[in-house]
Engineer: 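My structure is below; once you've seen it, I'll send some questions.
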2 protein chains.
Amino acid sequence: MTRPSGGALSARKQPRQARAHLTVDAIFEATIQVLLSEGLSALTTTRVAARAGVSVGSLYQYFPQKQALLFALLQRHLEAVSDAVCATCAQCRAMPLDQMSDALVHAYLDAKTRDIAATRALYVVAAELDTDDLLGAVARRNHSAIRDLLLSAGDRRVHQPDAVAFALSATLAGTTRAVLARDATQGDLAALRAELPVLCRAYLVARSGPL
Amino acid sequence: MTRPSGGALSARKQPRQARAHLTVDAIFEATIQVLLSEGLSALTTTRVAARAGVSVGSLYQYFPQKQALLFALLQRHLEAVSDAVCATCAQCRAMPLDQMSDALVHAYLDAKTRDIAATRALYVVAAELDTDDLLGAVARRNHSAIRDLLLSAGDRRVHQPDAVAFALSATLAGTTRAVLARDATQGDLAALRAELPVLCRAYLVARSGPL
DNA sequence: ACCTGAACACCGTTCAAGT
DNA sequence: ACCTGAACACCGTTCAAGT
């Protein structure tokens with residue numbers, strides 16, 4: 001979807017033969033495995049290549065830098081979450097504001113907690129990269145989907161929908177991260193699932209009036 | 001304040017002579033400068049030592065690993081923010097809930113935006129470290145200060161104060177981070193300052209009842 | 001078109017030698 | 001007690017040579 005055009009982090013070249021495609025897939029899979037089992041600090045291009053069963057040279061044929069590998073991984077995850085958010089927004093058009101809020105919270109939390117270990121690993125990965133463009137693109141996509149959703153509410157009118165969509169996005173992403181990024185207990189996660197819907201509902205009601 | 005007892009990230013030894021104290025101060029100052037001017041990926045123990053005007057060997061005498069240096073920097077920042085939060089909690093005892101909420105939001109945002117470049121740099125730094133213990137200790141301190149504050153509200157009774165303090169902490173830290181971590185415009189920051197008080201007030205009202 | 005792996009510059013960390 | 005800087009193991013990245 002969002003493909004950095006000619007940026008330093010884009011893949012050096014696309015695989016054109018079946019053999020090459022296998023190589024790229026193996027590298028991706030190996031990257032996730034190394035990340036999960038050894039951690040980012042031990043993630044070495046040599047180690048990834050070895051795990052993938054290819055030479056370092058092959059890895060650098062498709063990913064001009066170690067960061068390009070991590071960037072691609074992060075991009076895939078962020079776009080999957082964004083897809084979930086946008087799909088929910090499409091489904092909830094014209095519903096009452098409360099239901100929209102609950103559905104959105106649920107969809108976001110679900111997407112982020114589907115594989116908590118991977119999500120945590122990617123929080124760490126993201127800090128190592130220049131993610132301004134990627135995060136900006138994903139944020140814009142989510143923002144407009146959420147704003148349009150809010151404007152379609154069947155029972156209330158949301159004031160300043162841009163500011164509210166912005167704050168809602170920051171709240172979903174921020175609170176989830178604050179809880180998951182540290183070694184959250186099962187109880188912490190349960191508390192988040194219980195409180196975040198209340199928080200978002202209350203905010204949206206405060207920022208809206210009768211139709 | 002929170003000192004990892006014998007952990008791998010604690011300083012190897014404390015400076016005992018005036019000369020040594022100067023060395024440590026110079027290393028700290030150099031670390032911040034390199035972080036701000038070159039970024040984390042270019043932060044090298046050799047570079048920090050050179051900037052500080054000492055040899056690498058001296059650096060390793062006080063910080064057994066590069067991470068110990070970064071850990072100390074992060075610790076100082078987090079404790080400064082926590083001090084601001086706790087001081088505000090102490091001052092706002094027995095006030096109306098709305099005023100508490102506003103004061104808390106204001107204090108947190110102020111502490112985090114006093115030096116935005118440094119805050120952003122430390123978000124990146126934190127991801128490189130094993131911060132579970134540090135974040136846990138700071139979170140516990142903030143949590144109990146906020147919970148006690150909420151319980152002292154003069155006009156309303158907060159239900160499930162632990163869950164609410166938890167969610168409030170995650171909201172303050174999370175939304176602020178979500179905005180600052182990406183290259184936030186002046187407008188983004190203004191939106192956060194405008195919406196976060198509304199968000200927190202609305203949530204606290206939803207989670208409380210009359211006395 | 002794709003793959004290999006030795007080679008290069010550089011980094012974190014150590015330690016024998018100094019004051 | 002503190003400082004120095006050469007030395008070591010290892011990492012990211014390249015490139016000449018292969019199929």
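Here is how names work: the chains are called A, B, and so on, in the same order as the sequence lines, proteins then strands, and each is numbered from 1.
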Engineer: Using atom CD of Gln67(B) as one end and atom P of dC11(C) as the other, report the distance to the nearest whole Å.
Structural biologist: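 For the pair Gln67(B) CD and dC11(C) P, the rounded distance is 17 Å.
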
Engineer: Counting distance only, does the side-chain N/O of Ser152(A) pair as donor-acceptor with the main-chain N or O of Leu149(A) below 3.5 Å?
Structural biologist: yes

Engineer: Base, sugar-phosphate alone, or nothing: which one does Leu43(B) contact when heavy atoms must sit under 4.0 Å apart?
Structural biologist: sugar-phosphate

Engineer: Whether the side chain of Thr185(B) engages the backbone of Gly187(B) through a donor-acceptor N/O pair (distance < 3.5 Å, no angle test) should be reported.
Structural biologist: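 A pair under 3.5 Å: yes.
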
Engineer: Over how many whole Å does the gap from Leu22(A) atom CG to dC3(C) atom C1' extend?
Structural biologist: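 Interatomic distance, CG of Leu22(A) to C1' of dC3(C): 14 Å.
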
Engineer: How close do Ala163(B) and Glu195(A) get, heavy atom to heavy atom, and via which atoms?
Structural biologist: CB-OE2, 3.7 Å

Engineer: Check the distance between dT14(C)'s C1' and Leu59(B)'s CG and give it to me in whole angstrom.
Structural biologist: 13 Å

Engineer: Is the shortest side-chain N to carboxylate O distance from Asp132(A) to Arg182(B) below 4.0 Å?
Structural biologist: no

Engineer: Please list, by residue number, the residues of residues 47-55 of chain A whose heavy atoms come closer than 4.0 Å to an atom of DNA chain C; answer none if no residue qualifies.
Structural biologist: Val54(A), Ser55(A)

Engineer: How long is the line joining CD of Gln65(A) and P of dA9(C), in whole Å?
Structural biologist: 20 Å

Engineer: Taking a pair as Watson-Crick or G-U wobble with both distances under 3.5 Å, which nucleotide is matched to dC15(C)?
Structural biologist: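 Because both required distances fall under 3.5 Å, dC15(C) counts as paired with dG5(D).
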
Engineer: Checking Arg76(B) against Phe28(B): charged group under 6.0 Å from the ring centre and within 45 degrees of the axis?
Structural biologist: yes

Engineer: With a 4.0 Å cut-off on heavy atoms, is Thr44(A) in touch with a base, just the backbone sugar-phosphate, or nothing at all?
Structural biologist: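 Sugar-phosphate: the residue Thr44(A), judged by heavy atoms under 4.0 Å, touches backbone atoms but no base.
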
Engineer: Test of understanding: with side-chain contact (heavy atoms from CB on, under 4.5 Å), list the residues that count as partners of Asn142(A), not counting sequence neighbours.
Structural biologist: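 side-chain contact (heavy atoms from CB on, under 4.5 Å) list for Asn142(A), sorted by chain: Ser82(A), Val85(A), Cys86(A), Val138(A).
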
Engineer: Start at the 5' end of DNA chain C and walk down; is the nucleotide closest to Thr46(B) or to Arg19(B) reached first?
Structural biologist: Thr46(B)

Engineer: Is there a side-chain contact between Thr45(A) and the phosphate of dG12(D), meaning an N or O under 4.0 Å from OP1 or OP2?
Structural biologist: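 True: Thr45(A) side-chain N/O within range (under 4.0 Å) of dG12(D) OP1/OP2.
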
Engineer: Quick one: look up who dC10(D) pairs with, Watson-Crick or G-U, both distances under 3.5 Å, and put none if it's unpaired.
Structural biologist: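 By the stated definition (distances under 3.5 Å), nothing pairs with dC10(D).
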
Engineer: For the pair made of CG in Leu40(A) and P in dG12(D), what is the distance, rounded to whole Å?
Structural biologist: 10 Å

Engineer: Would you mind telling me which residue lines up with the more 5' stretch of DNA chain D, Gln17(B) or Val56(B), judged by nearest nucleotide?
Structural biologist: Gln17(B)

Engineer: Restricting to non-hydrogen atoms, name the atom on Arg141(A) and the atom on Asp83(A) that form the minimum distance, rounded to 0.1 Å.
Structural biologist: NH2-OD1, 2.9 Å

Engineer: Looking at side-chain heavy atoms only, is the closest gap between Leu43(B) and Glu38(B) below 4.5 Å?
Structural biologist: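 A side-chain contact is absent here, since even the closest heavy-atom pair is not under 4.5 Å.
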
Engineer: How many Å lie between CD1 on Ile27(A) and C1' on dC2(C), as a whole number?
Structural biologist: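 After rounding, the gap between these two atoms is 12 Å.
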
Engineer: Does Thr23(A) have a side-chain nitrogen or oxygen under 4.0 Å from the phosphate oxygens OP1 or OP2 of dC3(C)?
Structural biologist: yes

Engineer: Take the protein atom NZ of Lys66(B) and the nucleotide atom C1' of dG12(C), then report the distance between them rounded to whole Å.
Structural biologist: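 Distance check: Lys66(B) NZ to dG12(C) C1' gives 8 Å.
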
Engineer: Determine: side-chain N/O of Tyr62(A) to OP1/OP2 of dC3(C), distance under 4.0 Å, yes or no.
Structural biologist: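 Checking Tyr62(A) against dC3(C): at least one side-chain N or O falls below 4.0 Å of OP1 or OP2.
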
Engineer: For dC3(D) and Gln61(B) - does any side-chain N or O of the residue sit under 4.0 Å from the phosphate oxygens OP1/OP2?
Structural biologist: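 Indeed, a polar side-chain atom of Gln61(B) lies that close.
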
Engineer: Verify the contact: side-chain N or O of Tyr60(B) to OP1 or OP2 of dT14(C), cut-off strictly under 4.0 Å; return yes or no.
Structural biologist: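 Checking Tyr60(B) against dT14(C): no side-chain N or O falls below 4.0 Å of OP1 or OP2.
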
